[in-house]
Student: 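Structure in structure tokens, see below.
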2 protein chains.
Amino acid sequence: MQKRNIDDLIERYLSVSFMVMKKAAALVKCELDEDMTNDQYYLLRCIKKKAKCTSTELASLFGVNKSAITAMTNRLVEKGLLQRTRDQNDRRVVYLTLTERGDKWITETEEKIHKLVESFITKFSEEEIEAFIQTYEKLVRIFQEMEGTS
Amino acid sequence: MQKRNIDDLIERYLSVSFMVMKKAAALVKCELDEDMTNDQYYLLRCIKKKAKCTSTELASLFGVNKSAITAMTNRLVEKGLLQRTRDQNDRRVVYLTLTERGDKWITETEEKIHKLVESFITKFSEEEIEAFIQTYEKLVRIFQEMEGTS
DNA sequence: AAAAAATAGTTTAATTATTTAACTATTAAA
DNA sequence: TTTAATAGTTAAATAATTAAACTATTTTTT
């Protein structure tokens, strides 16, 4: 591939990923209750998927410091959506789990977000969206490999 | 397409787009000077591409209120990377343009970011990445149409 | 077993990003 | 020529983030 062509693809990728990132954030926000943020949604989503989760894991998933997670989880604990429990074997570890209200909220919200994604994903053919997601998943694997080596 | 299958694709899309969003943000951050943020990079990038730009345009691109843009541009003006100039015909309008330092910074940073993107984009075949970006671009157009109708 | 090092998480202080509501200045419409 | 609308700013509040210092606990080393 020529240098010109690669530079062109890179530029297109940067523009389009910026626009989708910002637009997707705005669309997700519309589906949330007034007092909830996108990051709070993503945090609760991660915890639901893992069932139980530590600050360290979340910090790694979000790519931020652990103290950022402490601050976020504090707000969610105050809102009654999350609870902390200590590991009995290793008392340094704190597990984060959903409260009943937290579970109810994330379940309802996931339904709204699924409908949102469905509203545009169905505008693509199954082949196109499958190929798109597969490349996306490959990108995740490449990122993970880069992490391991550097 | 069956309901099962769509739900599965939606779930994969949500997971993968979250992971790429967070990971990409972390990688971009690594390329920036200590005192610069990702949003500041994206803001300067947008202004460079448009040459001159208003708060209203940026607020729409970023999907935030105009006052958020005022705050961000204030910081960049204080840093000497951006300047404001009033339109002579319509004195309500303020144009944002790069200072010489701002232009130098974004040019150097774009080079770093391009190298970063190149480091993973070249792990795909030209066909795969072209198809990926085309679907991405189609997604942007769908978002824009949704904006028009709703 | 005692001392040193590593790990998990929190606190604190500072900065950035964001929203909403009220505001100024200017232009366009009635 | 009032009245509307538009462009942008200000102010107060909240959320997200980092870096550095800290507590508590567990693991490793000597």
Side-chain angles (χ1 to χ4, degrees), chain A residues 18 21-23 25-30 32-44 46-47 52-79 81-97, chain B residues 18 21-23 25-30 32-44 46-47 52-79 81-97:
Chain A
F18 166 74
M21 166 178 68
K22 291 301 186 183
K23 192 67 202 175
L27 286 171
V28 166
K29 182 135 209 216
C30 286
L32 305 182
D33 302 332
E34 280 284 308
D35 62 333
M36 295 294 288
T37 67
N38 286 20
D39 277 332
Q40 289 174 349
Y41 157 65
Y42 285 121
L43 196 78
L44 293 179
C46 287
I47 293 173
K52 93 188 185 186
C53 202
T54 66
S55 284
T56 305
E57 288 171 320
L58 289 169
S60 161
L61 271 176
F62 276 70
V64 298
N65 285 2
K66 282 185 297 181
S67 56
I69 302 296
T70 299
M72 286 183 65
T73 52
N74 278 343
R75 284 176 219 115
L76 290 168
V77 169
E78 277 163 32
K79 284 182 180 170
L81 302 175
L82 216 55
Q83 60 201 359
R84 291 183 163 97
T85 47
R86 279 202 179 273
D87 184 309
Q88 288 309 307
N89 290 24
D90 185 344
R91 293 182 42 71
R92 289 170 304 182
V93 177
V94 173
Y95 293 116
L96 297 164
T97 52
Chain B
F18 166 75
M21 167 178 70
K22 291 301 184 184
K23 191 69 201 172
L27 287 171
V28 166
K29 182 135 210 213
C30 285
L32 305 182
D33 303 332
E34 280 285 307
D35 62 331
M36 295 294 288
T37 67
N38 287 19
D39 276 333
Q40 289 175 348
Y41 157 65
Y42 285 121
L43 196 77
L44 293 179
C46 286
I47 293 173
K52 91 187 186 187
C53 203
T54 65
S55 284
T56 305
E57 287 171 321
L58 289 169
S60 162
L61 272 174
F62 277 70
V64 298
N65 285 1
K66 282 185 297 180
S67 57
I69 302 295
T70 299
M72 287 184 63
T73 53
N74 279 345
R75 284 174 219 118
L76 291 168
V77 168
E78 277 162 32
K79 284 183 181 170
L81 302 175
L82 217 55
Q83 60 202 358
R84 291 184 163 97
T85 47
R86 278 203 180 273
D87 185 310
Q88 287 309 305
N89 289 23
D90 185 344
R91 294 182 42 70
R92 289 169 303 182
V93 177
V94 173
Y95 293 117
L96 297 165
T97 53

Student: Side chains of A:L43 and A:F62: does their closest heavy-atom pair fall under 4.5 Å?
Tutor: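 They are in side-chain contact.
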Student: Side chain of B:A68 only, please: which of C:dT11, D:dT9, C:dT19 is the nearest?
Tutor: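 Nearest to the side chain of B:A68 among the choices is C:dT19.
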Student: Do the side chain of A:R92 and the base of C:dT7 come within less than 3.5 angstrom through a donor-acceptor pair of N or O atoms?
Tutor: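 In this structure, the two groups form a donor-acceptor pair.
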Student: Tell me which nucleotide among D:dA16, D:dG8, C:dT19 gets nearest to the side chain of A:K29.
Tutor: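 Side chain of A:K29 sits closest to C:dT19.
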Student: Describe the nucleic acid contact of B:N89 in one word from base, sugar-phosphate, nothing, applying a heavy-atom distance below 4.0 Å.
Tutor: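 The residue B:N89 makes sugar-phosphate contact but no base contact.
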Student: Looking at every non-hydrogen atom in both residues, tell me the closest pair between B:R86 and B:R91 and how far apart they are.
Tutor: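 For B:R86 and B:R91, the tightest heavy-atom pair comes out as NH1-O, 2.6 Å.
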Student: Taking for each residue the nucleotide of DNA chain C bearing the nearest heavy atom, is the 5' side occupied by A:E34 or by A:A71?
Tutor: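 Its nucleotide being nearer the 5' end, the pick is A:A71.
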Student: Nearest whole Å is fine: how far is D:dT14 C1' from A:Q40 CD?
Tutor: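 Checked: the CD to C1' distance equals 10 Å.
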Student: What integer distance in Å separates B:M36:CE from C:dT15:C1'?
Tutor: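 B:M36 atom CE is separated from C:dT15 atom C1' by 14 Å.
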Student: Can you check whether A:R75 has a side-chain N or O nearer than 4.0 Å to OP1 or OP2 of D:dA16?
Tutor: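 Checking A:R75 against D:dA16: at least one side-chain N or O falls below 4.0 Å of OP1 or OP2.
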Student: Return the minimal non-hydrogen interatomic distance between B:L76 and B:L44, and the atom names on each side.
Tutor: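 That would be CD1-CD2, 4.0 Å.
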Student: Output the rounded distance in Å from CG (B:D90) to C1' (D:dT6).
Tutor: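 My rounded result for the distance is 8 Å.
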Student: Output the rounded distance in Å from NZ (B:K22) to C1' (D:dT17).
Tutor: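 The answer, rounded to whole Å, is 11 Å.
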Student: What is the distance, to the nearest angstrom, from the CZ atom on B:R91 to the C1' atom on D:dT6?
Tutor: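 Distance check: B:R91 CZ to D:dT6 C1' gives 15 Å.
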Student: Give the rounded distance in Å between these two atoms: OH of B:Y41 and P of C:dA17.
Tutor: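 Distance check: B:Y41 OH to C:dA17 P gives 15 Å.
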Student: Start at the 5' end of DNA chain D and walk down; is the nucleotide closest to A:V64 or to A:Q88 reached first?
Tutor: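 Taking each residue's closest nucleotide, the earlier one in sequence belongs to A:V64.
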Student: Is A:S67 near enough to C:dG9 that one of its side-chain N or O atoms lies under 4.0 angstrom from OP1 or OP2?
Tutor: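 So the side-chain polar atoms of A:S67 never come under 4.0 Å of the phosphate oxygens OP1 or OP2 of C:dG9.
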Student: Syn or anti for C:dA14, given that syn means the glycosidic angle lies within 90° of 0?
Tutor: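 Anti, angle beyond 90° from zero.
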Student: Side chain of B:T56: nearest nucleotide among C:dA17, C:dT10, D:dG8?
Tutor: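 Of the candidates, D:dG8 comes closest.
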Student: May I ask which nucleotide in the shown strands pairs with C:dT27, Watson-Crick or G-U wobble, both distances under 3.5 Å?
Tutor: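 The answer is none; no pair meets the criterion.
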Student: Quick one: which of D:dT17, D:dT9, C:dG9 gets closest to the side chain of A:V94?
Tutor: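 The closest nucleotide is C:dG9.
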Student: Closer than 4.0 Å, any side-chain N/O of B:N74 to the OP1 or OP2 of D:dT9?
Tutor: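 Looking at the OP1 and OP2 atoms of D:dT9, neither is under 4.0 Å from any side-chain N or O of B:N74.
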Student: May I ask you to say what A:R84 touches in the nucleic acid, namely base, sugar-phosphate or nothing, with a heavy-atom cut-off under 4.0 Å?
Tutor: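 The residue A:R84 makes sugar-phosphate contact but no base contact.
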Student: Please report the shortest heavy-atom distance between A:I47 and A:C53, naming the atom on each side.
Tutor: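 Looking at all heavy atoms of both residues, the shortest contact is CG1-CB, 4.1 Å.
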Student: Is the closest side-chain heavy-atom distance between B:Q83 and B:V77 below 4.5 Å?
Tutor: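 A side-chain contact under 4.5 Å is absent here.
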Student: Provide the Watson-Crick or G-U wobble partner of D:dT9, both distances under 3.5 Å; none if there is no partner.
Tutor: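 D:dT9 is paired, partner C:dA22.
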Student: Just to be sure I understand the rule, does A:N65 reach a base, reach only the sugar-phosphate, or reach nothing, if contact means heavy atoms closer than 4.0 Å?
Tutor: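 If one applies the 4.0 Å heavy-atom cut-off, A:N65 turns out to touch a base.
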Student: Can you tell which of D:dG8, D:dT18, D:dA16 lies closest to the side chain of A:T37?
Tutor: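 For the A:T37 side chain, the nearest candidate turns out to be D:dA16.
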Student: Between B:L61 and A:K22, is any pair of side-chain heavy atoms under 4.5 Å apart?
Tutor: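 A side-chain contact under 4.5 Å is absent here.
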Student: Base, sugar-phosphate, or nothing: which does B:T70 touch, judged by heavy atoms less than 4.0 Å apart?
Tutor: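 Here B:T70 touches the bases of the nucleic acid.
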Student: Nearest-Å distance, CD (A:Q83) to C1' (C:dG9)?
Tutor: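 It works out to 18 Å between those atoms.
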Student: Please report the distance, rounded to the nearest Å, between CG in A:D39 and P in D:dA15.
Tutor: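 Rounded to whole Å, this separation is 12 Å.
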